[in-house]
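Data block below; observations after.
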Amino acid sequence: MSYFGDIYRGIKTLLTGMSVTGKYFLHSRKGAITQQYPDNRDTLKMFDRFRGEVVMPHNENNEHRCTGCQKCELACPNGSIEIIWDRQIDPESGKKKKMIDQHIYHLGMCTMCGLCIEACPTDAILWAQNFENSVYNRAYLTKVLNKPGSKLMPGVEE
Amino acid sequence: MDTTTIKSNFKSEEYFINMGPQHPATHGVLRLLLTIDGEIIKKVEPDLGYIHRSIEKMCERDSYQQIVHLTDRMDYLSSHINNEAVCLTVENALQLEIPERVKVIRTILGELTRLASHQLWWGVMGMDVGALTTYFYGFRDRELINDIFEETCGARLTMNYNIPGGLMFDIHPNFVQRTKDFITHFKTKLPEYDRLLTGNVIFQKRMKGVGILSKEDAISFGASGPVGRGSGYSCDVRKHHPYSAYNQVTFNEVLKTEGDSLARYQVRIEEMWESMAIIEQLIDNIPEGEYKVATNAVIKLPKGEFYQKVETARGELGVYINSTGTKNPYRLKFRSPGFSNLSLLNHIAVGGKIGDLVASMATLDLVIPDIDR
Amino acid sequence: MNISLSITKNIHNWLFSIMPEGVASITEMVLIAVVYLAIFAVAGLYLVLLERRVAAWFQLRIGPNRVGYQGLLQTMADALKLVSKELTGTIKADKFLYNLAPYFVIVTSLMALALFPFTQEFQAFDINIGIFFLIAISSIGVIGILLGGWASNNKFAMIGAMRSGVQTISYELSVGLSLITMVLISGSLQLSEIVEVQKNGWLIVQGHVPAVIAFMIYMIAGTAETNRAPFDLVEAESELGAGFHTEYSGMKFAYFFLAEFINMFIIAAIATTIFFGGWLSPFGITESIPILGLFWFLGKTLVLIFLMMWFRWTFPRLRVDQLLTLEWKYLLPLNLLNIVLMALIVWLNLTIQF
Amino acid sequence: MEKIIFYILAIIIIVFAIASVTSRKMLRSVIYLLFVLCGIAGIYFLIDYNFLAAIQLTVYAGGIIVLIIFSVLLVHHIEMELEDIKTSKKILVGLASLLGLGVFLTTIYAYNFPVIENSNSIDMDTIGLGLLSYEAGGFILPFEVISVLLLAAMIGAIVIAKGTKIATSDKPKGKSLEKN
């Protein structure tokens, strides 16, 4: 008799499984979790802390907060930050001071660990929430974070 | 005709087949060299090294803060727990006093990671035995956990949220509410997992009595995590060597004695319930306080050897650091659960069919970067 | 030749009135071939689309919705892509058999398609041994899979072909026996006559208990015949990669792919014709409008196809020995028992007729 | 029209029959044989023996050929080719075939086949009753004899299958699994 019992139980479990998928089939419109990605670009908002790429914010006078202390360069495990600096005469104080020439960021080598941003004492670099990082040429992934002709924001000290 | 002449007349020929490195069932670049007689598996030889990145060697080059983010890339499904393991080792070596708040947050995040990992495993498990829909149901629920991670840690998979001394930044204000919402949501969905897959007669037939691993073998192969516990080997590090806030919570160590694929499957399903129970106990009373203790910018470990083990979603992860007192470890070794669990694949798959191999490999829950490192 | 070409008698008569007999019959044959090829292509492509959408809805996704309105042209675009793709192959493959294999599959499913009475007069080939011929044709289709798997000189494909052979030989029995059970009531093998019989009630109602059992067995065995999940051991993507068609690409792969869906349609159409009254409307509500028969036929077939898709997207796959256990230990004995039961019911006149 | 179709089918049968015996690849000759059998089925269809044609397709094309292919798959590797046969054997077989052909042709030409009109096909009921009839012209005896033959074949198959099973379970691997 267990032969027929097995068949009965087997069919019952199969129907139970089908009821689960069937339920979702009927509610498929509501339950769809797919994002219509390129269409919803306008409404798509990433979380504030999302690590997209490292950026260096500039204010309206084309000034940034990077003093060139190279702490980020040291903190980076992959060598994706390179800072080219020079000692120049500060026009305000007239003293020789460390100034960045280029803050180079290799996005292609970055693992988004966030250690550089933790290490930065002046909050010069931040995370941007941009995640569309693909480019046609690998060279484009090497970015210069400070804008051309930008200066250190006055009052930012190491 | 007696059997010997039949045997010689119908002699079957064994042949080799390469399963992988590009194969849907190996979930990564694992190559299995199978010796097959018809459909019966005679021998399984795993061939590793396809994504070896020499993480352990890279660790010798990096500072202790930098090591943490490399562990994200080992077992990427329990990256938070991996981070925690390294941080705990360094903190123990430095004998830092970690705030209660950090411990509780780490525990909650660890359990969430375990849940996410098990959800993904469940989906993939179903897919490996042919039920493709489970994959999407598993991912649907995992997505909510990933949102929690993304909001608090900034990333969905490779979080790097722990640092030696605490957390990189405090939890997001929405964290508690989101976690609670997830728990209430998932409590209604987990029984559905059972109804869809666990109870299914085909699934039961595929899993029961397949890939049997005895307790003795589990111990001698160094099995840990749900694989060991499915064979009745009590090996939960959270229970036996509690770290972080695991000594503050009550939970059961799920043990099954059958040792077959179904037992390992059920251990994971029940572990999801336990994980939810742990989170529920902690989420309402996260103590106030600092989210990290200050460490030197350059951490130097005292001379000596340090070892710390934690329970990842796959089993016991051990971190061994041999320090000579400099800012880099002299030698760092990860005892990864996937590696020992893979080593018993040959033992449990021989004599089964190709379908059995796929099913029992899925219950081992292998993550190839964890094996190759 | 006595092939009754009852496909729309008006066109038939018109053709014969304007042409000499020989030319007319050849023209008619060509026309019918074109019509059926069109049905084949359209049905195949849209079943693929339907499968993808249904799968998406089961899986909380949306499915293809980009090409054309709601993705209606998606499979067309796919077909175009497949036509333009390179036909690859392995070096030591048996080229002749490798190229021949897809045509076996596709020709047999095309031949089977010709037998169905889509509606009262829309039937190309009303042979007097209809069901038997269907079984005969479907038994040839497996040769294509066996050849394809063997000739591609790939071990995974080979394992797939072996599984397919085992599976089809076993499950053909169940399909045949469950259909024979129904033939006991209908008393005829001719498909058009079987539909006629059902004017007194669909056979699944007429035969009640054994008919329902026969239907269940038929659906299980039919799913296995078409190599669909949970019986898709032949492809078994998590075990064998793609099974027997691992080495096929481009249009040759598409032939296998389309044939799978046409076979699914055929299995559902057989079930519709034999269990659910073919083009007959329920309780004869639209008997006065014969063209609606097409609607009823396709409607019923689609419901059954949906059932098969539901199976596919819910159940895990069986293992190869469990597949055989299911057939030889469960389906076959039950089937034989069921035939005896059905014979008793027909003999004692216990059928339900309106 | 019917004549044309007949000749097409006849050519198909002859060509593929020759191809079947001359091909040096085993599976290819099986497939040529399949085409021959399908051609014969086509001739049955042509003379309205639908039932016989379907039997031909089911039993020979669908059943026996599939089994042959299956066994070829089991034993035959794709690169294997059958070896060439000695010329003396070839001549012998050719002579035997010619003899057979002669016997057939003399029989066919010596017997005066009456042409009858049988455009109406046979009912299924008639076939079914004929198969189970034990009166004169009934087929119950051959029917039963065939079933006994099949039973014997099945028993043989089971013996062979069981034998290999015993052989495999003797191996040490199986034992060590049971122990665990």
Side-chain angles (χ1 to χ4, degrees), chain A residues 5-25 27-28 30-35 45-54 69-80 109-121 123 126-129 131, chain B residues 58-59 61-63 65-73 83 126 131-134 136-137 139-144 146-161 163 168-169 171-172 174 178 189 191-205 292 297-298:
Chain A
D6 282 350
I7 294 175
Y8 169 73
R9 274 190 296 277
I11 291 175
K12 202 178 134 194
T13 59
L14 294 182
L15 290 180
T16 320
M18 281 171 76
S19 74
V20 175
T21 43
K23 196 188 95 191
Y24 283 117
F25 181 78
H27 298 98
S28 59
K30 209 169 61 188
I33 49 164
T34 324
Q35 298 249 346
K45 194 174 175 311
M46 304 305 289
F47 290 109
D48 298 338
R49 293 183 182 179
F50 178 73
R51 299 166 183 172
E53 60 173 329
V54 175
C69 67
Q70 290 182 299
K71 276 187 178 155
C72 52
E73 194 177 348
L74 277 171
C76 182
N78 317 302
S80 48
M109 299 199 305
C110 180
T111 52
M112 316 291 173
C113 65
L115 289 175
C116 53
I117 282 146
E118 283 302 295
C120 186
D123 292 338
L126 293 174
W127 282 117
Q129 275 72 48
F131 57 92
Chain B
M58 280 158 79
C59 290
R61 175 204 74 182
D62 285 350
S63 74
Q65 287 100 328
Q66 291 172 343
I67 286 170
V68 176
H69 98 287
L70 287 174
T71 60
D72 281 338
R73 274 90 189 160
N83 295 348
L132 291 154
T133 306
T134 59
F136 294 91
Y137 294 171
F139 262 68
R140 169 198 59 191
D141 301 330
R142 184 171 174 270
E143 203 65 12
L144 297 171
N146 276 349
D147 279 347
I148 298 173
F149 287 154
E150 194 182 344
E151 192 172 41
T152 289
C153 316
R156 300 168 80 79
L157 206 60
T158 54
M159 275 100 70
N160 194 27
Y161 183 54
I163 52 170
M168 203 175 253
F169 25 76
I171 50 170
H172 196 272
N174 290 346
R178 255 183 206 274
K189 297 299 175 195
E192 242 169 38
Y193 286 20
D194 283 339
R195 290 175 61 209
L196 180 59
L197 197 60
T198 318
N200 193 308
V201 63
I202 302 173
F203 184 76
Q204 293 265 343
K205 286 254 153 78
K292 66 173 170 189
V298 178

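Atom set for the values below is all heavy atoms of this structure, side chains included, hydrogens, waters and symmetry mates excluded.
Between the A/R49 side chain and the B/F169 main chain, no donor and acceptor come within less than 3.5 Å of each other. Panel note: side chain B/Q66, backbone A/C76; a donor-acceptor pair is recorded below 3.5 Å.
A/Y24 and B/R140 share a donor-acceptor pair across their side chains, judged by distance under 3.5 Å alone.
Chain B forms the most heavy-atom pairs under 4.5 Å with one residue out of A/G17, A/C113, A/A119, A/P77, and that residue is A/P77. The candidate from A/T111, A/L14, A/D48 with the greatest count of non-hydrogen atom pairs under 4.5 Å with chain B is A/T111. Taking chain A as the reference chain and counting heavy-atom pairs below 4.5 Å, the highest number among B/D72, B/T152, B/I163 is found for B/T152. Heavy-atom pairs under 4.5 Å with chain A peak, among B/M168, B/K205, B/Q65, at B/M168.
Put simply, the side chain of A/T13 does not reach to within 4.5 Å of the side chain of B/I202, judged on heavy atoms. Contact annotation: the side chain of B/V201 never approaches that of A/K12 to less than 4.5 Å [non-hydrogen atoms, C-beta and beyond]. Residues B/H69 and A/N78 meet the side-chain proximity criterion, which asks for heavy atoms closer than 4.5 Å.
Interface residue B/D147: backbone and side-chain heavy atoms are both found under 4.5 Å from chain A. Contacts of B/R73 with chain A are made by side-chain atoms alone, with heavy-atom separations under 4.5 Å and no backbone atom involved. Contacts of B/M58 with chain A are absent, with no heavy-atom separation under 4.5 Å from either backbone or side chain. At a 4.5 Å heavy-atom cutoff, the contact between B/D62 and chain A is made by side-chain atoms alone. Residue contact with chain B, scored on non-hydrogen atoms closer than 4.5 Å, involves the backbone of A/A75 exclusively. Looking at A/L74, only its backbone comes within 4.5 Å of chain B, counting heavy atoms on both sides. Only the side chain of B/T133 comes within contact range of chain A, with at least one heavy atom under 4.5 Å from a heavy atom of that chain. If you measure heavy-atom distances from B/F203 to chain A, you find no contacts under 4.5 Å at all.
Taking both residues in full, the closest heavy atoms of A/R51 and B/N160 are given as NH2-O, 3.7 Å, listed atom of the first, atom of the second, then distance.
With rounding to the nearest 0.5 Å, the separation of OG1 in A/T21 from CD in B/E192 is 10.0 Å.
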